[in-house]
Amino acid sequence: QVQLVESGGGLVQPGGSLRLSCAASGTPKSIYAMGWYRQAPGKQRELVATITAGGITVYAEDVKGRFTISRDNAKNTVYLQMKSLKPEDTAVYYCNLASHILAQYWGQGTQVTVSS
């Protein structure tokens with residue numbers, strides 16, 4: 001019943017910006033954190049950024065200073081503002097939700113392509 005729907009992906013030129021959104025529905029009452037992961041072709045899925053219900057954030061080192069994660073707890077929605085995008089950022093970006101009982105949920109992913 002838990003469903004995460006990502007939006008905002010697309011094609012952008014190097015140096016450009018995109019804002020990803022993830023809307024959660026059917027969510028458990030107790031949410032520990034929401035965040036974003038990405039997977040490029042031939043690579044493992046990796047953490048991009050997470051934010052807890054209390055506002056604590058964690059960023060991957062290669063996106064720190066360029067990406068900003070935010071959330072609206074009342075709406076169970078998380079955002080990822082991406083600036084100064086690089087070709088290396090090209091990947092499928094997946095929304096993630098973690099509950100306090102260790103359950104994990106994933107969205108279907110949204111493609112981000114950074115290319116001239």
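Residue numbers run from 1 in the order of the sequence given.
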Show me the donor-acceptor pairs within less than 3.5 Å that the side chains of residues 12-26 make with the rest of the protein, sequence neighbours left out.
none

Q.
Around atom OH of Y79, are there more than 12 heavy atoms from other residues, nucleotides or ligands closer than 6.0 Å?
A.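 For Y79, atom OH is crowded (more than 12 foreign heavy atoms under 6.0 Å).
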Q | Atom CD of Q1: over 12 foreign heavy atoms under 6.0 Å | A |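 Open: at most 12 neighbouring heavy atoms sit under 6.0 Å from CD of Q1.
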**Q.** Within one Ile-Leu-Val-Met-Phe-Trp-Tyr cluster: L4 and I51, side-chain cutoff 4.5 Å
**A.** yes
Just how far is it from atom [atom1] of [X] to atom [atom2] of [Y], taken to the nearest 0.5 Å?
X: T50; Y: L97; atom1: OG1; atom2: CG; value: 11.5 Å
X: N96; Y: M34; atom1: CG; atom2: CE; value: 8.0 Å
X: D89; Y: S115; atom1: CG; atom2: OG; value: 12.5 Å

Q: Sequence neighbours left out, what passes side-chain hydrogen bond (donor to acceptor under 3.5 Å, both in side chains) with T113? Give chain and number order.
A: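 With neighbours one apart ignored, the set is Q111.
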Would you find a donor on one side and an acceptor on the other, under 3.5 Å apart, between the side chain of [X] and the backbone of [Y]?
X: Q108; Y: E6; answer: no
X: Y59; Y: I69; answer: yes
X: T90; Y: V114; answer: yes

Q. Less than 4.5 Å apart, any side-chain heavy atom of S99 and any of Y32?
A.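 The answer is no; the side chains never approach within 4.5 Å.
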(Q) Counting C-beta onward and ignoring hydrogens, is there a side-chain heavy-atom pair between D62 and K86 closer than 4.5 Å? (A) no
Q. Testing T68, L47, V48, L85 for side-chain contact (heavy atoms from CB on, under 4.5 Å) with V63, which one passes?
A. V48
Q. In a check of side-chain contact (heavy atoms from CB on, under 4.5 Å) between R38 and each of K43, E46, R45, which one passes?
A.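 Among K43, E46, R45, the one meeting side-chain contact (heavy atoms from CB on, under 4.5 Å) with R38 is E46.
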Q. Taking all non-hydrogen atoms of both residues, which atom of H100 and which atom of I31 are closest, and how far apart?
A. NE2-O, 3.5 Å
Q | For V78 against C95, the heavy-atom pair lying closest together | A | CG1-SG, 3.8 Å
Q: Could you check whether the rings of Y94 and W106 sit parallel, tilted or perpendicular, using 30° and 60° as the cut-offs?
A: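 Geometry flag for W106 against Y94: perpendicular rings.
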